[in-house]
Number of protein chains: 2
Amino acid sequence: MSDESVNLKTLSERLGLSQTTVSRALNGFPEVSEQTRRRVIEAADRFNYRPSSSASSLATGKARTVGHVVPLAEHHMINPHFADFIAGAGETYSTHGYDMLIRVVPRADEERVYRELATQKRVDGVVVHGPLGRDPRIPLLQSLQLPFVVHGRSDYADNEYSWLDVNNRSAFRRATEFLIDLGHERIALINGLETMNFAKRRRKGYEAGLTSRGIEPEQRYIFSQDMVEPYGYEVTCRLMESAAPPTAVLVSSILPAMGVVRALAERGIRPGTDVSIIAFDDCLSFLHASDSERPKDVPYFTAIRSSIRLAGRRAAQMLLQQIEQPGATRSELWEADLVIGQTTGPKSQAASQ
Amino acid sequence: MSDESVNLKTLSERLGLSQTTVSRALNGFPEVSEQTRRRVIEAADRFNYRPSSSASSLATGKARTVGHVVPLAEHHMINPHFADFIAGAGETYSTHGYDMLIRVVPRADEERVYRELATQKRVDGVVVHGPLGRDPRIPLLQSLQLPFVVHGRSDYADNEYSWLDVNNRSAFRRATEFLIDLGHERIALINGLETMNFAKRRRKGYEAGLTSRGIEPEQRYIFSQDMVEPYGYEVTCRLMESAAPPTAVLVSSILPAMGVVRALAERGIRPGTDVSIIAFDDCLSFLHASDSERPKDVPYFTAIRSSIRLAGRRAAQMLLQQIEQPGATRSELWEADLVIGQTTGPKSQAASQ
DNA sequence: TAAGGTATCCAAAGCGCTTTGGAAACAGAA
DNA sequence: TTCTGTTTCCAAAGCGCTTTGGATACCTTA
């Protein structure tokens, strides 16, 4: 079928054409007749020709690759939400002929890695994950002139950059008010680490919800940690042993929420009946039924929902757009949906005493 | 500090040396004096010089990149275990100066993508995820001469290739026998999709365990689906409503196992006391406490445990080794640990009637 | 002193592609 | 017929690196 390696040179020789013409025919330039173009394309896939990516990116200066630098947390936890975001972004890249480059590095090496990616021209742009309060990566990338999109936001009032975020504040405020309207007053917040910007905004929303209904936020109901299952479990155990256990909890992710459910189950406390739970649901694929065709019945968790996979898709689109026509920074703020499931209900009589 | 773009040419001009010498100094060749080498290295990082990756891979023919092709299932589920595997592999790549390239593509495009990666010389090797019974990717990659390591195994008796796998059969056999020795007889298997090779081996192990103790496997206790949380929930609901509900369940992943717990909790059935559960635990980071320093107390799930993150690390090492000295295929079969937690116990009297 | 080794360095030829600046061929217009 | 404009193609110069095949200087040794 095909020989060793067909490159532009051998292909053009076989066709009796110059490399220029073949290259132009394949890349859709107008200065080649339709007839030869067809001939070239036909030969190209008969000989299974694919341009060497390193050669073309050397020649063009474009890598047709975007980078994702994922910091390795101290305890080597990798954010579980990451997989779905990556899946979404990856779909977009694939359909646009881009590749995804991932570097897993310790926090301390991040800056070096971004510098490397930029000066090596390894990637045409990057997606920034998990922005901090005033994230140093943002000015860094700006100074490196590397296009980027932030998934989330950082607190730079004066600084224009592209981001895609969920309105965490309003989502948590609405959820809190929803619980209060059900009669709940002692509402716990099981939040993520507040070094993450989104966690801070979520607490703000929660507090705004409480104070809007005349309830004073209390420190003993607020928790902040890595969003893993055992965290939800342990916090709930402690809360339920405490003097005035909450009648509702607001949880920053489905993962700790499952821990909450487990802790309650051990104590015979029924979610939705005895204690209400609202979780932030990133629509992680492994927590949802895989046959998406089936008509949805009432979901288990009452949740504030926003698909992280769609976010990945959209963030990737925004980045590609920015790469292809530089300069235009654009941002999007998504509202999350409040979806009523089985884990919320009016404050129970038992708990109210 | 530094000008526009420093490349080999400008750097060597500033140093008053040839490109050859500078290149050799930086790449540790012996034919350059230690003195000039130091001078070159010092200048290189003063000017923030980094060789263009496309140029060097064009010149050397090596991409210093490994590929992971992740197939997009029909229902767009991305395997949750994937994130931790990738994290492990990514660490290894980073410390060895390799990059990780990920392509998320529909199943139907996989072959084309592998061909592309190989003929473009985009990557030096690939990791194959989730091998099927007789996975066509294996002969394909062999014919493409692209180094690869399979995470898992495929059923090619005659065919030598590198793989890294957990001994799923023995793990599930041991777990089954453990349950039988606790007095259980009606043991359900909540398995993954049997198109995946590992799921088949797990069922074999389960059946071997049963028959070794004189129990006939029964179809009604065996389930096979995508390993998501709702799957465990629904199957358990059905099982518990059935005429002869199992007194123990063996679950192929922690994710459906959480669904099992949820279904039991709803019915007031206590795991470990009324019904025993053993789950296969890939040590997913988001299900474990993030402070790994803390002395472990008894884990919640009794589990057959094997860290998928370590597997990722090891698979990456094996691949890099194979890339750097081609030809040597090597394989490893890991035994999983049976870790006793709180979800197993002797068959309860209530259930035995 | 000359011959032979060795330690340093360099010019130039690729790697496989894109793209600039024509050239050739052919058409229609003067 | 000659001139201008189009269409279609090409030769050659990069892109930034590695690497081959010397060259040059500096020591040894006979």
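Throughout, a chain's letter reflects where its sequence line sits, starting with A, and its residues are numbered from 1.
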Rounded to whole Å, how long is the line connecting atom [atom1] of [X] with atom [atom2] of [N]?
{"X": "B/R39", "N": "C/dC9", "atom1": "CZ", "atom2": "P", "answer": "8 Å"}
{"X": "B/K121", "N": "C/dC17", "atom1": "NZ", "atom2": "C1'", "answer": "15 Å"}
{"X": "B/Q35", "N": "C/dA7", "atom1": "CD", "atom2": "C1'", "answer": "13 Å"}
{"X": "A/E31", "N": "D/dC9", "atom1": "CD", "atom2": "C1'", "answer": "10 Å"}
{"X": "A/L58", "N": "C/dC17", "atom1": "CG", "atom2": "P", "answer": "12 Å"}
{"X": "A/L17", "N": "D/dA11", "atom1": "CG", "atom2": "P", "answer": "11 Å"}
{"X": "B/K9", "N": "D/dC15", "atom1": "NZ", "atom2": "P", "answer": "7 Å"}
{"X": "A/N7", "N": "C/dT18", "atom1": "CG", "atom2": "P", "answer": "12 Å"}

For [N] and [X] - does any side-chain N or O of the residue sit under 4.0 Å from the phosphate oxygens OP1/OP2?
{"X": "A/S54", "N": "C/dC17", "value": "no"}
{"X": "B/T36", "N": "C/dC9", "value": "yes"}
{"X": "A/S23", "N": "C/dT18", "value": "yes"}

For this session: Could you tell me whether A/R122 and A/E116 make a salt bridge, using a distance below 4.0 angstrom between a side-chain N and a carboxylate O?
Result: no
Exercise. Salt bridge check: are A/E110 and A/R107 linked by an N-O gap of less than 4.0 Å?
Worked result: yes
Considering only side-chain heavy atoms of [X], which listed nucleotide, [options], is closest?
{"X": "A/V32", "options": "C/dC10, D/dC9, C/dC17", "result": "D/dC9"}
{"X": "A/A59", "options": "D/dC17, D/dC9, C/dT18", "result": "C/dT18"}
{"X": "B/S18", "options": "C/dC17, C/dC10, D/dG16", "result": "C/dC10"}
{"X": "A/N27", "options": "D/dC17, C/dG16, C/dT18", "result": "C/dT18"}
{"X": "A/T20", "options": "D/dC10, C/dC10, D/dG16", "result": "D/dC10"}
{"X": "B/T21", "options": "C/dC9, D/dC9, D/dT18", "result": "C/dC9"}
{"X": "A/F29", "options": "C/dT19, C/dC10, C/dG16", "result": "C/dT19"}
{"X": "A/Y49", "options": "C/dC17, D/dT18, C/dC10", "result": "C/dC17"}
{"X": "A/R24", "options": "C/dC17, C/dT20, D/dT18", "result": "C/dT20"}
{"X": "A/P51", "options": "C/dC9, C/dC17, C/dT20", "result": "C/dC17"}

Exercise. Less than 6.0 Å separating the ring centroids of B/H68 and B/F82?
Worked result: no
Exercise. Looking at side-chain heavy atoms only, is the closest gap between A/Y93 and B/V104 below 4.5 Å?
Worked result: no
Exercise. How many angstroms lie between CG in A/D124 and CZ in A/F148, if you round to the nearest 0.5 Å?
Worked result: 15.5 Å
Problem set entry | A/R137 to A/Y114 six-membered ring, cation-pi geometry met (6.0 Å, 45°) | no
Exercise. Across the strands shown, which category fits A/S57 at heavy-atom distances under 4.0 angstrom: base, sugar-phosphate, nothing?
Worked result: nothing
